[in-house]
Asker: 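Got a structure for you, questions after.
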Amino acid sequence: MCAMAAGRRGRRVLVLDHADEVGKKILISGGGRCNFTNLECVPERFLSNNQHFCKSALARYTPRDFLALVEKHRIAWHEKTLGQLFCDGSARQIVGMLLAECAAAGVAIRVGRRISEVRRAARFCVQTDDGDVFAESVVLATGGLSIPKMGATRFSHDVARRFGLALAAPRPGLVPFTFGPADLARTQPLSGVSLEVAAHCAKRAFREAMLFTHRGLSGPAVLQISSYWREGEAVTFDLLPDMDPTFLQARKRVRPKATLRTLLGETMPQRVADFWLPPELAAKPAGDVPDAALAALAGMLKAWAVVPAGTEGFAKAEVTVGGIDTAGLSSQTMMARDVPGLFAIGEAVDVTGWLGGYNFQWAWASGWAAGSVA
Ligand SMILES: Cc1cc2nc3c(=O)[nH]c(=O)nc-3n(C[C@H](O)[C@H](O)[C@H](O)COP(=O)(O)OP(=O)(O)OC[C@H]3O[C@@H](n4cnc5c(N)ncnc54)[C@H](O)[C@@H]3O)c2cc1C
């Protein structure tokens, strides 16, 4: 996106990538259909040490702008849920679109290049295994640390640090939780079960699906809350987000002969209901269970608190929270305040979006901001 914007301005642009093809994360994103943006993209849905930093770039290159590009290339798309836009066909169409735009703008792209150093004298010198490249501007756009198996590196962070920029400590985001042995032994029978929950942590709440896994918890609600979670904190799950805390008492009045197992099984997956039901209550007619016991059961289901042992780490994280500290960058241009000509964009920067197309929109918008001036 940055190369395209700069190329359109008539700049000579060279994209260097160590991978054998560009845009690999686009290719695997959204289950191969690329959730390329989100129509409800507001700054509040991004994490950063400076909540205001992302505002300018996001306002100047919006989801509608990206959508216009998608439509110009006649790529069929659909809104899945919660404003999330996906290709009808394949993520490869998005990479193809960006490559076509770059080609039209005269951008040169070299893949499979190892970059050993970035120095600055009168101009920047980028040392590659294929010789030195000299430039007036260098844009760091090598993403975050997630999925090293796919070629993610700390390159942008390291170069930024060498040029005197600070780092907000990187940690995995949009990542499954892992449990310690005790919680795992308890919840393993539920492995594979998914249900709608509201996940709460650090004054944030996400209402989406949660999945019990053989190592802990996953699913959109868990991935979303994981970006806000810090080690040692408890996460609270409302396993019955549509029910008020007195719903069992209300149902008991209408159907006193129904067993508690039946009543609960009507509101959540039976395996989850069975798991939480005290054995001595499960087969009892609801009418025989005191209101206080029903309230206690509902209370437990509406506030299941668990302290994850950790996360699946960068190996499984969709994004990196943290990165190049925004304090050293201009929010208008993405240029380093103290290093004229050095820019940083995308996931390498300490701006992280929610699940649902926000991270690509940040990549497009910050790339556009830098490409408009570099
Ligand atoms: C499985 C998965 C699914 C995702 N799905 C979505 C989704 O549907 N929607 C969404 O919004 N976000 C999604 N994301 C997040 C999104 O992919 C990233 O936030 C986004 O790609 C960041 O863009 P970027 O250009 O900053 O970095 P990247 O896309 O990571 O690109 C960085 C580039 O730099 C290159 N590079 C890295 N290190 C070096 C080096 N040392 N030298 C040279 N080149 C280097 C890499 O090869 C790569 O081409 C997903 C992430 C993952 C892992």
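Every number for a ligand or one of its atoms is a count from 1 in the order of the listing. What you see is a predicted model; the values in this text were computed from it and never measured.
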Asker: Using a distance-only test with no angle check, is there a side-chain donor-acceptor pair under 3.5 angstrom linking Lys316 and Ser218?
Answerer: no
Asker: Evaluate the side-chain proximity of Arg215 to Phe177: yes if any heavy-atom separation is below 4.5 Å, no if none is.
Answerer: no
Asker: Would a 4.5 Å heavy-atom cut-off, applied to side chains only, mark Arg120 and Val339 as touching?
Answerer: yes
Asker: N/O of Arg113 under 3.5 Å from N/O of ligand 1, yes or no?
Answerer: no
Asker: Could you check whether the rings of Tyr61 and Trp368 sit parallel, tilted or perpendicular, using 30° and 60° as the cut-offs?
Answerer: tilted
Asker: When you measure from the heavy atoms of Lys24 to every atom of ligand 1, does any distance fall below 4.0 Å?
Answerer: no
Asker: Out of curiosity, is Val22 lining ligand 1, as in a heavy atom under 4.0 Å away?
Answerer: no
Asker: What do you reckon, does Gly151 put a non-hydrogen atom under 4.0 Å from ligand 1?
Answerer: yes
Asker: For Thr142, take its heavy atoms, then give the atoms of ligand 1 lying under 4.0 Å from any of them.
Answerer: 32 (C), 34 (O), 36 (N), 37 (C), 38 (N), 39 (C), 44 (N), 45 (C)
Asker: What's the shortest distance from atom 6 (C) of ligand 1 to any protein heavy atom, and which residue and atom give it?
Answerer: Ser29 CB, 3.6 Å
Asker: Could you check whether Thr128 and Asp130, counting side-chain N and O atoms only, form a donor-acceptor pair closer than 3.5 Å?
Answerer: no
Asker: Should Asp274 and Arg271 count as an ion pair when the cut-off is N to O under 4.0 Å?
Answerer: no
Asker: Check each heavy atom of Ile147 against ligand 1 and say whether those closer than 4.0 Å belong to the side chain, the backbone, both or neither.
Answerer: side chain
Asker: Under a 4.0 angstrom heavy-atom cut-off, which atoms of ligand 1 come close to Asn359?
Answerer: 11 (O), 12 (N), 19 (O)
Asker: For atom 49 (O) of ligand 1, which protein heavy atom lies nearest, and how many Å away is it?
Answerer: Asp17 OD2, 2.5 Å
Asker: Run the numbers for me: atoms of ligand 1, each under 4.0 Å from some heavy atom of Gly346, listed by number.
Answerer: 26 (O)
Asker: What's the shortest distance from atom 13 (C) of ligand 1 to any protein heavy atom, and which residue and atom give it?
Answerer: Phe360 CE1, 3.8 Å
Asker: Can you give me the closest heavy-atom contact between Asp350 and Thr326, atom names plus distance?
Answerer: O-CG2, 3.8 Å
Asker: With a cut-off of 4.0 Å, which atoms of ligand 1 are near a heavy atom of Ala19?
Answerer: 47 (O)
Asker: What are the two closest heavy atoms between Ala135 and Arg123, and how far apart are they?
Answerer: O-CB, 3.5 Å
Asker: Do any nitrogen or oxygen atoms of Ala152 lie less than 3.5 angstrom from nitrogen or oxygen atoms of ligand 1?
Answerer: no
Asker: Going through the distances and angles, do Val175 and Glu318 end up as a side chain to side chain contact (heavy atoms under 4.5 Å, CB included)?
Answerer: CA-CA 6 Å; Val175 64; Glu318 275 199 20; over 6 Å; no
Asker: Can you tell me if NE2 on His214 sees more than 12 non-hydrogen neighbours from other groups inside 6.0 Å?
Answerer: no
Asker: Which ligand 1 atoms, with their elements, are less than 4.0 angstrom from a heavy-atom of Ile28?
Answerer: 1 (C), 2 (C)
Asker: When you measure from atom 28 (P) of ligand 1 to every protein heavy atom, which one gives the shortest distance, and what is it?
Answerer: Gly143 CA, 4.3 Å
Asker: Specify the protein heavy atom at minimum distance from atom 51 (C) of ligand 1: its residue, its atom name, and the distance to 0.1 Å.
Answerer: Glu318 O, 3.2 Å
Asker: List the closest protein heavy-atom neighbour of atom 29 (O) of ligand 1: residue, atom name, distance to the nearest 0.1 Å.
Answerer: Lys25 CB, 3.9 Å
Asker: Which residue holds the protein heavy atom closest to atom 23 (O) of ligand 1, what is that atom called, and what is the gap in Å?
Answerer: Ala363 CB, 3.8 Å
Asker: What protein heavy atom sits nearest atom 44 (N) of ligand 1, and how far off is it?
Answerer: His18 N, 3.1 Å
Asker: Could you list the atoms of ligand 1 found under 4.0 angstrom from a heavy atom of Glu347?
Answerer: 18 (C), 19 (O), 20 (C), 22 (C), 26 (O)
Asker: Give yes or no for whether the N/O distance cutoff of 3.5 Å, strictly under, is met between Asn35 and ligand 1.
Answerer: yes
Asker: Relative to each other, are the rings of Phe179 and Trp304 parallel, tilted or perpendicular (30° and 60° limits)?
Answerer: perpendicular
Asker: Can you tell me which portion of Phe155 lies within the under-4.0 Å heavy-atom range of ligand 1? Options are side chain, backbone, both, or neither.
Answerer: side chain
Asker: Below 4.0 Å, non-hydrogen atoms only: which portion of Ala141 touches ligand 1? Side chain, backbone, both or neither.
Answerer: backbone
Asker: Report yes if Thr153 has an N/O atom closer than 3.5 Å to an N/O atom of ligand 1; otherwise report no.
Answerer: yes
Asker: Between Tyr358 and ligand 1, which residue portion shows a heavy-atom distance shorter than 4.0 Å: side chain, backbone, both, or neither?
Answerer: backbone
Asker: Classify the ring geometry between Tyr358 and Trp354 as parallel (under 30°), tilted (30 to 60°) or perpendicular (over 60°).
Answerer: perpendicular
Asker: Looking at every heavy atom in both Phe212 and Leu190, which two are closest together, and how far apart are they?
Answerer: CB-O, 3.3 Å
Asker: Is it the case that Glu347 and Trp362 place a side-chain donor and acceptor less than 3.5 Å from each other?
Answerer: no
Asker: Do Phe36 and Trp364 have their ring centres less than 6.0 Å from each other?
Answerer: no
Asker: Could you tell me whether some N/O pair between Gly30 and ligand 1 is separated by less than 3.5 angstrom?
Answerer: yes
